[in-house]
Every structure is written in structure tokens, then in C-alpha cells.
Engineer: 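Shown below is the structure under consideration.
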Amino acid sequence: MTSLRDALASLLLLAATVLGALWLPALWIADHVVDQDGFLAITQPLADDPEFRTTLTDQAVAALLDDGRIPGWIADRVEPVAQEQAARLSETEAYDTMWRAAMVQVHHALLTPGADDVVVDLAPAADALLTRVEEVVPLLDLDAPESLPFTIATIPGGSVLEKLAVLDVWGPRLGWAALACAVLAVLVAGHRRAALAGAGVAAILAAAAVWLLTVQVETLVPDRLDQADFIGPLLQVFEARLAADLAPQAMILAGAGAATVVAGALALALLPGRRARR
């Protein structure tokens with residue numbers, strides 16, 4: 001009977017290990033990838049990155065010059081002015097509007113099944129650029145476009161990221177489930193003090209799995225996403241942030257596991273065991 005209870009406890013500790021290894025990454029992904037506000041909080045600092053600024057502002061200039069709104073005979077003269085104004089565009093409210101709209105589109109596309117285009121309305125930037133052009137060429141009277149859609153990236157379908165939405169619900173529950181399995185393992189075990197040490201080992205193994213994720217996270221993202229224009233650098237920022245956030249949490253989990261192992265070992269060494277039945 002005791003061996004059967006110990007076998008059940010071992011299965012529960014194995015479940016606790018798996019659930020514990022999934023818990024911290026799932027919680028992070030739910031808070032920073034699935035949740036739109038968390039996603040935008042990580043991407044916001046990228047709005048000041050020169051590479052990302054020029055991605056949007058240069059496209060705004062190109063779209064504006066190509067839509068026929070500016071007469072061809074003056075386009076060559078106007079283009080340097082528009083480019084100069086585009087360099088200052090990142091400091092305006094129009095740029096913030098475009099950036100947020102782009103990130104909302106990226107977030108939606110990453111979590112939506114199937115391929116999806118990231119389309120941004122460049123009209124706010126076009127309005128600011130045309131205002132400056134009219135100041136340089138006073139005789140021009142240009143109407144700002146009501147809408148100037150532009151596809152800045154395409155998110156391919158079939159990505160594992162599409163399946164992450166379930167973590168918004170289940171991520172926070174994994175930790176409680178792991179703890180419940182560990183506690184239940186100790187309660188049902190025929191040798192409870194050994195099971196207590198085993199619960200500590202389970203926590204250490206879960207922490208090791210989380211740490212391994214932090215050093216191998218880039219291999220889990222498909223290359224077609226990680227190396228894509230515009231999207232690739234965004235994902236690389238998330239990979240770096242995940243590694244930086246989870247590494248110390250893995251150390252804390254490992255420390256808690258080590259403390260539990262010590263407690264179990266001391267209990268085995270110092271507390272008297274059950275007397276064998278005659």
C-alpha cells in the first residue's frame with residue numbers, strides 16, 4: 001500500500017514539475033504578449049529608435065509623393081522638404097498616433113490565425129508633411145488625404161504565437177496547479193519527508209527549465225518571423241525582455257526548491273521514523 005502511495009506521489013511531483021516549468025513563461029506571455037496594454041508598453045520605447053522612425057516616416061513621404069496629390073512638376077523640389085519634415089515627425093502627435101496604430105495592428109496580426117497584413121493609415125503624417133510643403137511653396141493649395149493606408153509588414157500564418165491567447169486564462173492558474181500537485185504529493189505519499197524533498201527537487205527542475213528557455217528563446221520563434229522586416233526586430237526585443245525578466249524569477253524558484261530539499265533532508269535525518277509493525 002505504501003509503495004502505491006509513493007508511486008502516486010511521484011506522478012504528482014512529475015505533474016508539479018511540468019506545470020511549474022510552464023507557469024512563469026505562461027504568466028509572462030499572458031501579461032506582455034497576449035494582453036494588448038502589456039504588448040504596447042514594451043513596444044513604446046521602440047518608437048524612439050531611429051530605424052523604426054524612418055520605417056514609418058519614409059513610407060509616409062513615399063506614399064504622399066506617389067498618390068498624385070503633389071503635381072509632378074514640383075515633386076522633385078518638394079521631396080527634400082518633405083524628407084526634412086519627416087525627420088522631425090517623430091516628435092509630433094501624428095507620429096505617436098501612427099506608431100500606436102501600427103503596434104495595435106501587429107498585436108492583432110500575431111495572435112490571429114492565418115496570414116495578416118499590418119496596414120497603417122499614414123494620413124496623420126501626410127497632413128503634417130503637406131502643411132510644411134505649403135509653407136515652402138505658398139502658391140500650392142493641397143488637400144490632406146482623409147486616408148492613406150500603407151502595408152508595412154505581413155505576418156505569415158501558422159505561427160505558434162496564434163495559440164498563445166489561451167494563456168491569458170490558463171497562465172495564472174498553472175502556478176496554483178503546480179503547488180496543489182506538490183502539496184497533494186506530500187499528503188498522499190507513504191514517505192512524506194522524502195516526498196517533501198522531492199517537491200523541492202521538482203521546483204529546482206522547473207526553474208532549470210525556465211532558465212533554459214531564457215537562453216534558447218530565440219530558437220522557439222519561427223525564422224520567417226524572427227528575420228522578417230519590421231516584425232523581426234520587434235520580436236527580438238520581446239525575446240530579450242523575456243530572458244531578462246524570467247532569469248531572476250527562475251533563480252528565486254530554484255532557491256525555494258533548494259530550501260524545500262533541505263527541509264526534507266533535515267526531516268529525514270532528525271525526525272524519528274515510524275516504527276515497523278510487528
Side-chain angles (χ1 to χ4, degrees), residues 18-59 90 95-96 98-112 115-116 118 120 152-168 170-172 174-175 203-256:
V18 174
L19 292 172
L22 294 174
W23 170 50
L24 290 176
L27 194 62
W28 190 92
I29 292 172
D31 290 342
H32 298 92
V33 178
V34 179
D35 181 74
Q36 182 173 288
D37 290 337
F39 183 90
L40 295 178
I42 292 182
T43 59
Q44 183 56 42
L46 292 174
D48 297 327
D49 184 275
E51 181 179 351
F52 283 96
R53 285 204 305 262
T54 56
T55 298
L56 289 180
T57 56
D58 287 354
Q59 298 296 350
S90 61
Y95 178 80
D96 290 338
M98 286 196 311
W99 177 261
R100 182 177 178 84
M103 293 304 101
V104 169
Q105 287 276 347
V106 169
H107 178 260
H108 179 268
L110 286 174
L111 299 179
T112 301
D116 200 359
V118 179
V120 178
I152 60 173
T154 298
I155 308 296
S159 170
V160 68
L161 296 177
E162 300 168 0
K163 302 175 178 63
L164 295 180
V166 298
L167 297 180
D168 194 27
W170 291 103
L174 294 176
I204 293 173
L205 291 175
V210 174
W211 179 83
L212 183 62
L213 173 65
T214 65
V215 298
Q216 296 292 331
V217 60
E218 69 279 358
T219 64
L220 300 179
V221 179
D223 288 342
R224 66 181 182 276
L225 287 177
D226 214 16
Q227 298 175 9
D229 294 338
F230 191 80
I231 298 300
L234 275 177
L235 293 179
Q236 291 165 20
V237 169
F238 277 85
E239 293 165 9
R241 177 68 179 272
L242 181 145
D245 287 349
L246 291 190
Q249 295 180 24
M251 295 299 293
I252 293 173
L253 181 59

Engineer: Taking all heavy atoms of Val118 and all of Ala109, pick out the closest pair and write down the distance.
Structural biologist: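 Closest heavy-atom pair between Val118 and Ala109: CG2-CB, 4.3 Å.
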Engineer: Show, in sequence, the C-alpha distance, side-chain angles and deciding distance for Val104 and Leu40, and conclude whether the side-chain contact (heavy atoms from CB on, under 4.5 Å) test is met.
Structural biologist: CA-CA 8 Å; Val104 169; Leu40 295 178; 4.2 Å; yes
Engineer: Where do Ala21 and Ala206 come nearest, in terms of heavy atoms and distance?
Structural biologist: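 What the structure gives for the nearest pair is N-CB, 3.5 Å.
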Engineer: Could you pull out the closest heavy-atom pair between Val34 and His107, with the gap in Å?
Structural biologist: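 Residues Val34 and His107, closest heavy atoms: O-NE2, 2.9 Å.
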Engineer: Of all heavy-atom pairs between Leu174 and Ala26, which one has the smallest distance, and what is that distance?
Structural biologist: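 Nearest heavy atoms, Leu174 then Ala26: CD1-CB, 3.7 Å.
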Engineer: List the atom of Ala203, the atom of Leu253, and the distance in Å for their closest heavy-atom pair.
Structural biologist: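 Heavy atoms only, the tightest pair is O-CG, 3.8 Å.
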Engineer: Once rounded to the nearest 0.5 Å, what's the spacing between atom CG of Asp245 and atom CG of Leu24?
Structural biologist: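 These two atoms lie 11.0 Å from each other.
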Engineer: For Val106 and Met103, run side-chain contact (heavy atoms from CB on, under 4.5 Å): C-alpha distance rounded to whole Å, both residues' side-chain angles, the deciding distance at 0.1 Å, then the answer.
Structural biologist: CA-CA 5 Å; Val106 169; Met103 293 304 101; 4.2 Å; yes
Engineer: To the closest 0.5 Å, what do you measure between CH2 (Trp28) and CG (Leu213)?
Structural biologist: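 Trp28 atom CH2 to Leu213 atom CG measures 10.0 Å (nearest 0.5 Å).
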Engineer: Distance check, rounded to the nearest 0.5 Å: Leu242 atom CG versus Glu239 atom CD?
Structural biologist: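 It comes to 8.5 Å.
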Engineer: Does Trp23 form a side-chain contact (heavy atoms from CB on, under 4.5 Å) with Leu19? I'd like the steps, not just the answer.
Structural biologist: CA-CA 6 Å; Trp23 170 50; Leu19 292 172; over 6 Å; no
Engineer: Say you draw a straight line from CG of Leu212 to CG of Leu246; how long is it, rounded to the nearest 0.5 Å?
Structural biologist: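 CG of Leu246 is found 12.5 Å from CG of Leu212.
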Engineer: Provide the closest heavy-atom pair for Phe238 versus Val33 in the form atom of the first, atom of the second, distance.
Structural biologist: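 Answer, listing the atom of Phe238 first, then Val33: CD2-CG2, 4.1 Å.
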Engineer: Can you tell me how far the CD atom of Gln44 sits from the CZ atom of Phe39, to the nearest 0.5 Å?
Structural biologist: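 Here the rounded value is 12.0 Å.
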